[in-house]
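Notes follow once the structure below has been shown.
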2 protein chains.
Amino acid sequence: MPPKHSHKRDSIAEVICSSKAHPSADTVYAVLRESYPSISLATVYRNISQLRADGVIKSVGVVEGVERYDGDLSDHPHFVCESCGAVIDIEPQDALGNSSDEQIAEKYNVEVTGRHVVYYGRCGNCREKNK
Amino acid sequence: MPPKHSHKRDSIAEVICSSKAHPSADTVYAVLRESYPSISLATVYRNISQLRADGVIKSVGVVEGVERYDGDLSDHPHFVCESCGAVIDIEPQDALGNSSDEQIAEKYNVEVTGRHVVYYGRCGNCREKNK
DNA sequence: TTAGGTGCAAACCCTTTGCAGCAAG
DNA sequence: CTTGCTGCAAAGGGTTTGCACCTAA
């Protein structure tokens with residue numbers, strides 16, 4: 001049978017995709033309570049999980065113990081404020097190797113104190129196991 | 001008065017700094033139970049926190065819900081296996097812009113499916129607040 | 001009718017903290 | 001002494017899950 005439709009799931013996706021703040025589950029929950037006063041946090045978590053599996057949204061990592069999500073699936077850098085936890089998009093052309101910290105600092109009005117490059121995938125062990 | 005000395009803290013730092021696996025608090029705990037059968041997980045967490053504040057170790061982020069640590073303070077890329085959670089060091093010269101995914105895949109025997117560049121620091125708002 | 005979606009509450013799990021006792025300067 | 005370190009157990013806080021009910025195809 002054809003996949004079902006869920007207004008709430010659509011709304012959750014919309015909140016994440018239309019925001020530039022990389023919201024957490026709890027933030028999405030707070031926003032949606034205005035439209036769906038009875039919505040449950042569990043519903044938000046479950047739908048976020050499914051939206052991730054469906055490739056509609058992705059995680060940008062855990063900031064201050066809370067997972068943050070992004071509706072922009074393109075591979076791009078982020079800036080994380082260590083004071084308030086804000087997550088800011090950095091344009092791909094400003095990535096490491098193309099731009100200095102000073103250039104990023106000026107362009108995005110931030111102070112860069114550190115950077116981190118992470119690759120994801122499967123390690124040699126897991127590939128051997130045909131996982 | 002001069003700062004005190006703690007054999008356990010030294011051992012915790014040593015486990016992290018001598019490992020290339022980027023261990024979690026729980027992994028450190030498991031290792032140290034061999035030398036200190038009565039050590040508490042709380043002690044591991046407290047000392048990790050202090051070692052971080054002292055700049056002896058740093059966090060490499062949260063993998064599968066668990067924080068991982070690195071005794072190599074240099075700014076370098078990592079590879080995270082999405083199957084088993086392994087964290088592998090990537091040499092700085094292989095960072096984005098200097099190396100293709102294929103080159104990384106071959107050199108480190110991994111399969112790269114994604115990458116992420118993160119800058120850390122203070123955002124404009126927080127700088128205005130003189131935080 | 002029937003697989004999937006939802007709310008609620010409890011469970012989970014990693015991490016932190018309060019407290020009393022211990023150890024080192 | 002006096003400050004810091006430790007173990008224990010409990011508390012915290014974000015996320016997941018079991019269950020019964022509801023909803024859309």
Side-chain angles (χ1 to χ4, degrees), chain A residues 1-16 21-54 56-70 80 82 84-85 87, chain B residues 1-16 21-54 56-70 80 82 84-85 87:
Chain A
M1 55 232 41
K4 293 231 190 154
H5 207 48
S6 161
H7 287 166
K8 287 174 185 170
R9 176 142 63 238
D10 292 345
S11 297
I12 289 166
E14 222 246 309
V15 169
I16 295 171
H22 311 85
S24 64
D26 198 69
T27 302
V28 173
Y29 173 63
V31 170
L32 289 185
R33 291 239 279 181
E34 296 167 14
S35 336
Y36 305 96
S38 69
I39 195 173
S40 158
L41 191 49
T43 295
V44 175
Y45 275 110
R46 272 187 290 238
N47 279 306
I48 282 179
S49 177
Q50 173 141 6
L51 289 167
R52 279 227 270 172
D54 293 346
V56 176
I57 63 173
K58 65 175 184 178
S59 167
V60 295
V62 176
V63 177
E64 292 175 347
V66 184
E67 185 131 42
R68 305 282 286 272
Y69 306 96
D70 195 341
V80 175
E82 294 177 313
C84 69
V87 178
Chain B
M1 52 234 43
K4 293 230 188 152
H5 213 238
S6 161
H7 288 166
K8 287 175 185 170
R9 176 142 62 237
D10 292 345
S11 297
I12 289 166
E14 223 246 309
V15 169
I16 295 171
H22 311 84
S24 65
D26 198 70
T27 301
V28 173
Y29 174 63
V31 170
L32 288 184
R33 290 239 281 180
E34 297 166 14
S35 337
Y36 305 95
S38 68
I39 194 173
S40 157
L41 191 48
T43 295
V44 175
Y45 276 109
R46 271 187 291 237
N47 279 306
I48 282 178
S49 176
Q50 174 141 7
L51 289 167
R52 279 228 269 172
D54 293 346
V56 176
I57 62 173
K58 65 174 183 178
S59 168
V60 295
V62 176
V63 177
E64 293 174 347
V66 183
E67 184 131 41
R68 304 283 286 272
Y69 306 96
D70 196 340
V80 175
E82 294 176 314
C84 69
V87 178

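In what follows, every chain begins at residue 1, and chains take the letters A, B, ... in the order their sequences are listed.
Considering OG1 of A:T43 and CD1 of A:I12, their distance stands at 7.0 Å, rounded to 0.5 Å. Note that CD of A:E14 is 9.5 Å distant from CG of A:L32, once rounded to the nearest 0.5 Å.
Residue contacts for A:N47: at a heavy-atom cut-off of 4.0 Å it reaches the sugar-phosphate backbone alone, with no base atom in range. Note on B:S38: only backbone sugar-phosphate atoms sit closer than 4.0 angstrom, heavy atoms only; bases stay farther off. Within the nucleic acid shown, A:S24 has no heavy atom closer than 4.0 Å to any nucleic acid atom.
Under the side-chain contact (heavy atoms from CB on, under 4.5 Å) test applied with B:R68, the options B:V63, B:I16, B:V80 reduce to a single match, B:V63. Residue B:N47 forms a side-chain hydrogen bond (donor to acceptor under 3.5 Å, both in side chains) with just one option from B:R9, B:R52, B:K8, and that option is B:R9.
For the pair B:Y29 OH and C:dT16 P, the interatomic distance rounds to 16 Å; values are reported in whole Å. A:I39 places its CD1 atom 18 Å from the P atom of D:dC22, with the value rounded to the nearest Å. The distance between atom NE2 of B:H7 and atom P of C:dA24, rounded to the nearest whole Å, is 8 Å. Residue B:L51 contributes atom CG, which lies 11 Å from atom P of D:dC5 at whole-angstrom precision. In this entry the distance linking CG of B:D26 with P of C:dC14 reads 7 Å, nearest Å. Rounded to a whole Å, the CD atom of B:E64 is 12 Å from the P atom of D:dT16. For the pair A:Q50 CD and C:dA3 P, the computed distance is 17 Å after rounding to whole Å. Here the C1' atom of nucleotide C:dC14 and the CD atom of B:E67 are 10 Å apart, to the nearest Å.
In this structure, the nucleotide among C:dT15, D:dT16, D:dG7 sitting nearest to the side chain of A:Y45 is D:dT16. Distances from the side chain of B:R9 to the nucleotides C:dT6, D:dC5, C:dC8 place D:dC5 closest. Among C:dG7, C:dG5, D:dT15, the nucleotide with an atom closest to any side-chain atom of A:T43 is C:dG7. Side-chain proximity of B:S6 to the nucleotides C:dC14, C:dT6, D:dC5 is greatest for D:dC5. With distances taken from any side-chain atom of B:S40 to the nucleotides D:dC5, D:dG7, C:dA9, the minimum falls on D:dG7.
Toward the 5′ end of DNA chain C lies the nearest nucleotide of A:L41, the other residue of the pair A:L41 and B:A42 mapping further downstream.
Note on B:K8: a side-chain N or O is less than 4.0 Å away from OP1 or OP2 of D:dG7.
Applying the 3.5 Å distance criterion, the base of C:dG18 shares a donor-acceptor pair with the side chain of B:R46.
Side-chain atoms of B:S49 do not come within 3.5 Å of backbone N or O of B:Y45 as any donor-acceptor pair.
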